[in-house]
Amino acid sequence: MFPLMFLLCSFASDVSIAEGTSAEQRGREIALANCSRCHSVEAVGASTLPEAPPFRLLNRRYPVEQLGESLAEGIGTGHPEMPEFRFEPAQISDFLAYLRSLASRRP
């Protein structure tokens with residue numbers, strides 16, 4: 001009985017943690033998992049690949065809200081090493097929330 005209760009409690013706390021995560025935090029996790037190999041995805045720092053713009057500067061090149069359509073259809077261009085990405089609507093919303101937060105933190 002104890003192992004089952006422990007498992008159920010662990011699952012319940014994992015769900016509440018995920019539900020308590022903000023769109024911005026989820027967007028940051030998406031950026032870290034998919035983009036940080038080439039791009040600087042934080043508020044400071046250089047991109048590891050010079051052709052890959054830091055995310056905090058993307059709003060200077062593109063209206064951030066217009067990136068949503070490209071993310072849904074699949075971004076296949078950008079810098080030469082960039083793989084094609086296609087995100088689900090909830091992921092796009094979270095990712096854009098993170099990009100907006102980076103732009104708002106800039107001096």
Side-chain angles (χ1 to χ4, degrees):
M1 175 88 175
F2 176 73
L4 178 59
M5 285 300 288
F6 178 75
L7 179 63
L8 291 174
C9 290
S10 295
F11 177 74
S13 60
D14 288 345
V15 170
S16 65
I17 289 169
E19 289 173 353
T21 304
S22 73
E24 182 182 323
Q25 290 168 322
R26 290 187 304 268
R28 180 176 181 272
E29 290 171 10
I30 291 168
L32 287 170
N34 295 290
C35 312
S36 63
R37 187 183 88 210
C38 299
H39 295 269
S40 170
V41 299
E42 301 292 352
V44 296
S47 295
T48 56
L49 188 65
E51 299 85 29
F55 278 7
R56 68 185 171 279
L57 303 178
L58 284 180
N59 68 318
R60 292 183 182 177
R61 294 183 178 195
Y62 313 98
V64 171
E65 296 307 322
Q66 290 182 2
L67 292 175
E69 185 176 335
S70 297
L71 291 167
E73 293 175 358
I75 293 180
T77 60
H79 54 84
E81 292 82 6
M82 187 167 165
E84 184 173 326
F85 287 101
R86 186 170 290 135
F87 295 131
E88 296 299 320
Q91 292 173 310
I92 293 168
S93 178
D94 294 344
F95 187 73
L96 293 179
Y98 182 62
L99 291 181
R100 283 190 300 272
S101 77
L102 286 174
S104 69
R105 285 187 234 161
R106 280 192 321 90

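All of these numbers come straight from a predicted model, not from anything done at the bench.
- Interatomic distance, L67 CG to N59 CG, rounded to the nearest 0.5 Å: 9.5 Å.
- Checked against salt bridge (charged side-chain N to carboxylate O under 4.0 Å, His left out), R100 has the following partners two or more places apart in sequence or in another chain: E65.
- Remark: side-chain polar atoms of S40 are paired, donor with acceptor, to backbone N or O of G45 under 3.5 angstrom.
- The two residues R61 and P53 make their nearest non-hydrogen contact at NH1-CG, 3.6 Å.
- Note that CD of E51 is 10.0 Å distant from NE2 of H39, once rounded to the nearest 0.5 Å.
- Smallest separation of non-hydrogen atoms from A52 and S47: O-OG, 2.7 Å.
- Between atom CG of residue L96 and atom OG of residue S101 there is a gap of 11.0 Å, rounded to the nearest 0.5 Å.
- Not a single ring pair (Phe, Tyr, Trp, His ring centres under 6.0 Å) links Y98 to another residue, sequence neighbours left out.
- For the atom pair L99 CG and R56 CZ, the distance stands at 12.5 Å (nearest 0.5 Å).
- Remark: E42 pairs with R28 by the salt bridge (charged side-chain N to carboxylate O under 4.0 Å, His left out) rule, at least two apart or across chains.
- Aromatic ring pairs are classed by plane angle as parallel below 30°, tilted from 30° to 60° and perpendicular above 60°; the pair F95 and F55 is perpendicular.
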| Does the side-chain contact (heavy atoms from CB on, under 4.5 Å) test come out yes or no for L32 and V41, once each step is laid out? | CA-CA 7 Å; L32 287 170; V41 299; 3.6 Å; yes

